Structure formats: structure tokens, C-alpha cells
Amino acid sequence: MTEVPFLPRERLFKQQHYFQNLTKHTYLKGRYDVITSVAIPLALAASSMFMIGRGVYNMSHGVGKKE
């Protein structure tokens with residue numbers, strides 16, 4: 001009894017050929033890899049820089065102090 005493959009051989013060969021001939025970096029080869037390795041870290045960095053900037057502004061101008 002043989003096990004059914006996950007992908008047809010033709011599709012597997014096509015994907016292997018695509019990934020072996022790609023000139024991009026290894027971590028950006030997949031379809032959605034740009035989202036996880038570039039966009040999410042940039043969004044986290046931008047939001048943290050915004051919050052730090054807002055905190056510095058509030059501290060320097062005395063905004064939000066409790067009396």
C-alpha cells in the first residue's frame with residue numbers, strides 16, 4: 001500500500017525549479033515572506049518610535065500630569 005503524495009510531482013518540480021533559480025534573499029522567497037520579515041517589524045518599530053516620541057513630548061510640556 002502506497003501513501004498518496006501531498007503535492008503532484010509536476011507541481012513539486014515546478015516549485016523546486018522556482019526556488020532554486022530565484023535571485024532574492026532566502027528569507028524573502030515565499031509569497032507572504034515579505035509580510036512577516038519586513039512589514040511587521042517595520043510596523044512595530046514605527047509604532048514604538050511614535051509612542052516614545054509622544055511620551056517625550058508629554059513629559060517636556062507637562063501634558064497629562066496628575067495634580
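Quick caveat: nothing in here was measured; it's all calculated off a predicted structure.
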Please enumerate all residues that pass side-chain contact (heavy atoms from CB on, under 4.5 Å) together with Pro41, with sequence neighbours excluded.
none
Separation of [Y] [atom2] from [X] [atom1] (nearest 0.5 Å):
X	Y	atom1	atom2	result
Arg11	Lys14	CZ	NZ	8.5 Å
Met59	Lys65	CE	NZ	12.5 Å
Arg54	Phe50	CZ	CZ	5.0 Å

Taking side chain to side chain donor-acceptor pair (under 3.5 Å) as the test, write out the residues that go with His17, two or more places apart.
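For His17 the side chain to side chain donor-acceptor pair (under 3.5 Å) partners, ignoring immediate neighbours, are Asn21.
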